[in-house]
Amino acid sequence: MSPSKLDSTDSFGHEEASVSCSKPENGCVDSLSIFHSEKAVEELLQQTPVAGMDEHLIEFSEALRTVAKALRRAAEGKASAQAEAAEWKRRYELERTRNIQMEQKVSGNNNCEMLQHWWIRSSLDNAMDMLRIMLPCLFFWEVGKEQNKRIAEARMAEQFSAEKNGDIDCERVKNSDNQSMLQNESNEHSETGCMKHGIWSHEVLRDRESDSNSNADRNKIMRKASFKLSWWCNGENGDQHKHDIVSFERGNITTAERSSKQISLKWESDPQTVLILTKPNSVSVRILCVQMVRWLRERKKLNVYVEPRVKVELLAESSNFSYVQTWKDDSEISHLHMKVDLVITLGGDGTVLWAASMFKGPVPPIVPFSLGSLGFMTPFHSEHFKDCLDSVLRGPISITLRHRLLCRVVRDAAKNEYETEEPFLVLNEVTIDRGISSYLTNLECYCDNSFVTCVQGDGLILSTTSGSTAYSLAAGGSMVHPQVPGILFTPICPHSLSFRPLILPEHVTVRIMVPFNSRSPAWASFDGKDRKLLAAGDALLCSMAPWPVPTACQVDSTNDFLRSIHDGLHWNLRKTQSFDGPRDRDL
Ligand SMILES: NC(=O)c1ccc[n+]([C@@H]2O[C@H](COP(=O)([O-])OP(=O)(O)OC[C@H]3O[C@@H](n4cnc5c(N)ncnc54)[C@H](O)[C@@H]3O)[C@@H](O)[C@H]2O)c1
Ligand SMILES: Nc1ncnc2c1ncn2[C@@H]1O[C@H](COP(=O)(O)OP(=O)(O)OP(=O)(O)O)[C@@H](O)[C@H]1O
């Protein structure tokens, strides 16, 4: 009898007990068959032992049960080994990418290191050739050093004479150290890219002590420690979106410019083309659309684009609308941003989300008219559409730059993190939840490769600040002004008392991973649409997108935001206390 198979029909005519340990092609025992094997053994053992029953059969059944248990343990071990292997794979890929990037940077910047590598790599046969090349370099290096030394000395002399003449109170002088000066000067020439995005405290600051009169004291030099301020961006492509936000002046760090300011849009030439997007199935929206298209064409002489569905509706209204333009397929939509000066939305917040989702790159300014139940992003009233549009077309107008999140799904099968499916751009949020599964989600969260936490609950919301008044708010997240750049990290019904929502800075990349030991897959949805399954080992990467959604303001960003939370949510509405409380004499 095969040790893995036991077929028995006992002498009393009991049913056949069949225990089999299947061994699939990959050599691993699947857990279902292990479960069946164990069950069969249990059933067999529960049969009442009768006199004369073969002792060996019982012994063998017990042995088999032990084997089944061992197999189950092996399967569990395999799952955890897979999880560990995936983690190592991920770390390896990250490390490799980082090394490649560092190598590229180093090879671009550091000539000495390049020479070192060159030296190591070159064979003895080439050593003489290399020396022949290096000697003239060294000669020019020395000459350069001498020249820099002379320049430094000349500058020192200039500074001292200027100060002696009492022309300046505080003057920066170059570090007299020749080596660092050579370094700085070469940096200025060779690393103009870096200079743009970082600050070198290559200066030593000299301040005259104000309370001193003597010459000796006047010449006293206060040296401040040298330092450098620089900042990172995500990946190489992030470079174009870097901002100089910190200035270095006299050793004090000050922010010259902050990213969230009220932005004003002024037309330099008249807008020519308008795209109108409308909420479907609404009679009031359809009536308004007809009036608006007529007015924009007849009074403002503008080209009007609408969705194919709306063009059909307009033509059903009147054949005069044949001038209205539309598109035939998705490829034409991808070029709309190059034709359209302004987008008008007629509907609620959902229509603004719809408009944003049509633009997978840059988005033209949006003028959102409110025809929905709530209007957090729709400050314009449809009754006054002519006045509103008049003033928008004339400009200047205040706009809110609403940041979007760029979300990419990376499958476990992908060879590296850059191998992703088509990305999604969300204006509100990306939600990772348990879908129809009744198990808790189990999500591992990382922020720029630092472990954040494990989400065990209904799921997680990664929201923009514009989306902070939507699903994230319902899940207990804070309301944040839409001009604040940041990523809200809000758990949905976490099964833990201490899991409070977070707000992460805008420059990070958040990575949400479904671990291999997760009981069920998770589901991602983007602005409440486009559900995607995340199986064990899959991950979702989320970072700030470079294309915000500019929406026109009724007054300005702050006024519109506060109005929306007061009107939309009745935020902190409470009856004011009457005056008849305790008087001074009662206190
Ligand atoms: N429990 C919840 O609060 C919950 C659940 C699911 C989805 N949502 C939200 O619905 C959004 C999709 O909107 P939709 O209109 O396509 O679906 P929808 O028609 O189901 O409307 C959802 C509601 O959310 C409101 N809303 C949308 N964006 C908002 C924002 N930025 N600030 C305040 N309220 C906002 C809308 O005005 C609407 O009343 C999702 O992005 C998500 O934020 C909320
Ligand atoms: N042009 C469009 N084409 C297809 N669907 C759209 C379009 N505009 C809006 N929608 C969808 O219609 C739904 C309802 O839209 P919207 O939220 O604007 O209306 P509402 O629910 O009446 O208003 P509110 O959001 O204020 O509650 C949303 O799910 C949205 O995605």
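Numbers here simply count residues along the sequence, with the first being 1. As the structure lists them, so they are numbered: ligands from 1, and atoms in each ligand from 1.
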- [ ] Please could you name the atoms of ligand 1 that T469 approaches to less than 4.0 Å, counting only its heavy atoms?
- [x] 30 (C), 31 (N), 32 (N), 33 (C), 34 (N)
Task: Interatomic spacing from SG in C542 to CZ in R408 - rounded to 0.5 Å - done: 9.0 Å
Open item on the list: What protein heavy atom lies closest to atom 38 (C) of ligand 1? Include the residue and the distance to one decimal.
Closed with: L374 CD1, 4.9 Å
Open item on the list: Taking 4.0 Å as the limit for heavy-atom contacts, which would you say applies to T278 with ligand 2: side chain only, backbone only, both, or neither?
Closed with: backbone
Open item on the list: For atom 8 (N) of ligand 1, tell me which residue out of F526, Y471, F376 has the closest non-hydrogen atom.
Closed with: Y471
- [ ] For L353, take its heavy atoms, then give the atoms of ligand 1 lying under 4.0 Å from any of them.
- [x] 12 (C), 13 (O)
Open item on the list: Could you identify the single nearest non-hydrogen protein atom to atom 6 (C) of ligand 2 and state the distance to 0.1 Å?
Closed with: P280 CD, 3.5 Å
Open item on the list: Would you say that more than 12 heavy atoms from the other residues, nucleotides or ligands in this model lie under 6.0 Å from the CZ of R519, or not?
Closed with: no
Open item on the list: Among all protein heavy atoms in this structure, tell me which lies nearest to atom 31 (N) of ligand 1, with the distance rounded to 0.1 Å.
Closed with: N428 OD1, 2.9 Å
Open item on the list: Counting only heavy atoms from other residues, nucleotides and ligands, does the tally under 6.0 Å from CZ of R500 exceed 12?
Closed with: no
TODO: Indicate whether atom 24 (P) of ligand 2 is within a distance of less than 4.0 angstrom of some protein heavy atom.
DONE: yes
Task: Contacting atoms of ligand 1, where contact means under 4.0 angstrom from a heavy atom of M377 - done: 31 (N)
Open item on the list: To the closest 0.5 Å, what do you measure between CG (L534) and CZ (R411)?
Closed with: 6.0 Å
Open item on the list: Do S437 and S520 pair up side chain to side chain, a donor and an acceptor below 3.5 Å, judged on atom types alone?
Closed with: yes
TODO: Could you tell me the residue and atom name of the protein heavy atom closest to atom 40 (C) of ligand 1, and the distance to it rounded to 0.1 Å?
DONE: E429 OE2, 3.3 Å
Open item on the list: Please compare G350, A355, S373 and report which has the shortest non-hydrogen distance to atom 17 (O) of ligand 2.
Closed with: G350
Open item on the list: Checking T400 against S557: is there a side-chain donor and acceptor pair closer than 3.5 Å?
Closed with: yes
Task: atom 17 (O) of ligand 1: any protein heavy atom closer than 4.0 Å - done: no
Task: Identity and separation of the nearest protein heavy atom to atom 31 (O) of ligand 2 - done: K529 NZ, 2.9 Å
TODO: Say whether S518 and N442, considering side chains only, have a donor N or O and an acceptor N or O under 3.5 Å apart.
DONE: no
Task: Side-chain donor or acceptor of T551 paired with backbone N/O of I366 under 3.5 Å - done: no
Open item on the list: Minimum distance, heavy atoms only, to atom 29 (C) of ligand 1: which one of S466, A470, P482, S564 is it?
Closed with: A470
Open item on the list: Please tell me whether F359 and H337 form a close aromatic pair, meaning their ring centres lie under 6.0 Å apart.
Closed with: no
- [ ] Pick one of side chain, backbone, both or neither for how L473 approaches ligand 1, counting any non-hydrogen atom pair under 4.0 Å.
- [x] neither
Task: Distance filter under 4.0 Å to K529 heavy atoms, resulting ligand 1 atoms - done: 16 (O)
Task: Name of the residue among D341, L342, V340 meeting side-chain contact (heavy atoms from CB on, under 4.5 Å) with P365 - done: L342
Open item on the list: To check your reading of the model: name the closest protein heavy atom to atom 22 (O) of ligand 2, its residue, and the distance in Å.
Closed with: K279 NZ, 2.7 Å
Open item on the list: If we set the cut-off at 4.0 Å for heavy atoms, which region of L277 has an atom near ligand 2: side chain, backbone, both, or neither?
Closed with: neither
Open item on the list: Can you classify the ring geometry of F561 versus H481 as parallel (below 30°), tilted (30 to 60°) or perpendicular (above 60°)?
Closed with: tilted
Task: Atom of F321, atom of L314 and distance for their closest heavy-atom approach - done: CD1-O, 3.2 Å
- [ ] Kindly state if atom 10 (O) of ligand 1 has a protein heavy atom within a strict 4.0 Å cut-off, that is, under 4.0 Å?
- [x] no
- [ ] May I ask whether G375 has any heavy atom positioned less than 4.0 angstrom from an atom of ligand 2?
- [x] no
Open item on the list: Considering non-hydrogen atoms of the protein only, which is the closest contact for atom 9 (C) of ligand 2, and what is the distance?
Closed with: T351 OG1, 3.4 Å
Open item on the list: Quick check on E383: does its CD atom have over 12 non-hydrogen neighbours (other residues, nucleotides or ligands) under 6.0 Å away?
Closed with: yes
Task: Side-chain donor or acceptor of Q554 paired with backbone N/O of P379 under 3.5 Å - done: yes
Open item on the list: I need the I512 CD1 to I432 CD1 distance, nearest 0.5 Å.
Closed with: 5.0 Å
- [ ] Out of G375, S370, G350, indicate the one that has the non-hydrogen atom closest to atom 14 (P) of ligand 1.
- [x] G350
TODO: Could you tell me whether atom 11 (C) of ligand 2 has a protein heavy atom closer than 4.0 Å?
DONE: no
TODO: Could you tell me whether E421 and K532 have a side-chain N and a carboxylate O separated by less than 4.0 Å?
DONE: yes
TODO: Check S472 against ligand 1 and report side chain, backbone, both or neither, counting heavy atoms closer than 4.0 Å.
DONE: neither
- [ ] Among all protein heavy atoms, pick the one closest to atom 35 (C) of ligand 1 and tell me residue, atom and distance.
- [x] D349 OD2, 3.6 Å
Open item on the list: With respect to L374, determine whether any N or O atom, backbone or side chain, lies less than 3.5 Å from an N or O atom of ligand 2.
Closed with: yes
- [ ] Give the residue and atom name of whichever protein heavy atom lies nearest to atom 3 (O) of ligand 1, and the separation in Å to one decimal.
- [x] A474 CB, 3.3 Å
Open item on the list: Students should be able to answer this: which protein heavy-atom is nearest to atom 3 (N) of ligand 2, and at what distance?
Closed with: W354 CE2, 3.1 Å
Open item on the list: Below 3.5 Å, N or O to N or O, backbone or side chain included: is there any such pair between G348 and ligand 2?
Closed with: yes
